[in-house]
Structure formats: C-alpha cells, structure tokens
S.K.: 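To start, I am sharing the structure in question, which I have written as structure tokens.
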Amino acid sequence: MNVWLFGYGSLIWRPDFEFLDRRQARVHGWQRRFWQGSHDHRGVPHRPGRVVTLVPESAGHCDGMAYLLDSEVAHRTFEALDYREKNGYEQVEVCIEFSPSEQVDGIVYIAPTDNHAFLGPAALDDMAAQIRICEGPSGKNSDYLFDLAAALRTLDAHDAHVFELETSVRMISMNGSGEESAR
Ligand code: SIN
C-alpha cells in the first residue's frame with residue numbers, strides 16, 4: 001500500500017526522497033515547537049541547536065506538507081528518514097487532513113518529550129539567541145528557522161511561534177547581542 005508521510009519541519013522544504021504526490025495538509029491535536037535539540041544537523045554535541053518537533057495540544061493544529069510514498073520504495077525511504085531523523089525522532093501514526101471532508105492515515109516523525117535530545121520550552125529571546133549562534137553539519141540553525149518560515153509563508157500557513165522566533169533572531173542579529181546572551 002502507498003503511504004502518506006506528513007512533514008512539518010525540514011521535510012516541508014527539503015524532501016530528499018521520491019514521492020508520487022505532494023499536498024498541503026494539517027494535523028490536529030499537535031503544535032509545532034522549537035523544543036528539540038539538534039546535535040547532528042543544526043548544532044553539535046557541545047552546542048546543540050534547536051529544531052522543531054510536535055507536542056500534544058488538544059485544541060492545536062499544525063500545517064505542513066504531506067507526501068505520498070510508493071509502496072515499492074516506502075521501506076527504503078523510511079530507512080533513510082529513520083537515519084536523517086535519528087536524533088530523538090520516532091514514527092507516529094496520525095490522521096492527515098487535506099480538507100475538513102478529506103482525511104487519510106499517515107506517518108509523522110515526532111521527537112517525544114522524553115527523548116534524550118529534548119530541550120523543551122525556554123524564553124523566546126533565549127531560544128532565539130541559541131538559534132542565532134548554533135551551526136552543524138547541515139548548516140546554520142538560523143537558516144533552518146528562516147527556511148521553515150519562508151516555506152510556511154509559501155503555504156500561506158500561519159504559525160505564531162515560528163514567526164515570532166524568526167523576528168527575534170533577525171532583531172538580535174541586527175543588534176549583535178545574541179552570542180553574549182546565549183552563553
Ligand atoms: C519534519 O520535518 O517533519 C521533521 C522535523 C525536521 O526534520 O525538521
């Protein structure tokens with residue numbers, strides 16, 4: 001059977017796998033948060049960056065992109081994604097909504113709150129300062145945030161948490177005070 005995969009972070013703008021179809025989608029009962037530590041992509045072990053995960057919020061929702069994977073190649077795609085998302089993420093089954101009258105079952109990668117790399121919430125300015133200075137093998141943590149914000153704008157999807165962080169990182173960069181406050 002073909003499988004739907006929901007992406008809400010880097011999988012929105014950098015799906016490095018084959019897919020049969022791609023559709024904007026929403027999951028309910030979850031919200032996107034920059035609460036997951038990244039030691040392997042946007043940070044390093046002694047200075048982890050912050051990337052997104054989904055945390056439960058009964059009244060919340062998260063907009064992203066759903067990809068339809070061909071049954072013939074889905075196992076290889078998931079093997080590669082298990083490696084890409086290895087720092088604390090696991091596959092979770094979700095209901096993916098294309099519209100209120102069209103929903104499908106699918107898979108999403110979520111880093112649960114009890115994973116070893118989970119950082120959890122912090123003050124907006126502190127998260128922004130951390131994102132501004134961190135960098136890892138996949139690039140700057142700030143580019144991950146800016147690329148996500150740009151991708152959400154392309155989808156016309158509003159996410160106050162992401163857009164407020166983006167504004168805060170840009171402000172700190174203009175004022176040049178991020179490094180000091182992140183130490
Ligand atoms: C996702 O994009 O769905 C998972 C989190 C990430 O890789 O940024």
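A quick note: this is a predicted structure, and the numbers were derived from the prediction, not measured. Both ligands and their constituent atoms are indexed starting at 1 by order of listing.
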S.K.: Applying ring-ring contact (aromatic ring centres under 6.0 Å, His included), which residue pairs with at least one partner in residues 79-109 are found, sequence neighbours left out?
M.R.: Trp4-Phe98

S.K.: Where does the angle between the aromatic ring planes of Phe6 and Tyr8 fall among parallel (under 30°), tilted (30 to 60°) and perpendicular (over 60°)?
M.R.: parallel

S.K.: Which pairs pass salt bridge (Lys or Arg N to Asp or Glu O under 4.0 Å) with one or both residues in residues 92-108, sequence neighbours excluded?
M.R.: Arg23-Glu102

S.K.: What are the atom names and distances for all N or O pairs under 3.5 Å between ligand 1 and the protein?
M.R.:
| unit_1 | atom_1 | unit_2 | atom_2 | d |
| --- | --- | --- | --- | --- |
| ligand 1 | 2 (O) | Gly9 | N | 2.8 |
| ligand 1 | 2 (O) | Ser10 | N | 3.1 |
| ligand 1 | 2 (O) | Leu11 | N | 3.0 |
| ligand 1 | 3 (O) | Tyr8 | N | 3.0 |
| ligand 1 | 7 (O) | Ser10 | OG | 2.8 |
| ligand 1 | 7 (O) | Glu85 | OE1 | 3.1 |
| ligand 1 | 7 (O) | Glu85 | OE2 | 2.9 |
| ligand 1 | 8 (O) | Ser10 | N | 2.8 |
| ligand 1 | 8 (O) | Ser10 | OG | 3.3 |
| ligand 1 | 8 (O) | Tyr144 | OH | 2.6 |

S.K.: Would you say His158 and Asp63 are linked by a side-chain donor-acceptor pair, where the criterion is simply a distance under 3.5 Å?
M.R.: no

S.K.: Please check if the side chain of Asn2 supplies one atom and the backbone of Ser71 the other of a donor-acceptor pair under 3.5 Å.
M.R.: yes

S.K.: With sequence neighbours left out, what residues match Ser138 under side chain to side chain contact (heavy atoms under 4.5 Å, CB included)?
M.R.: His41, Arg42

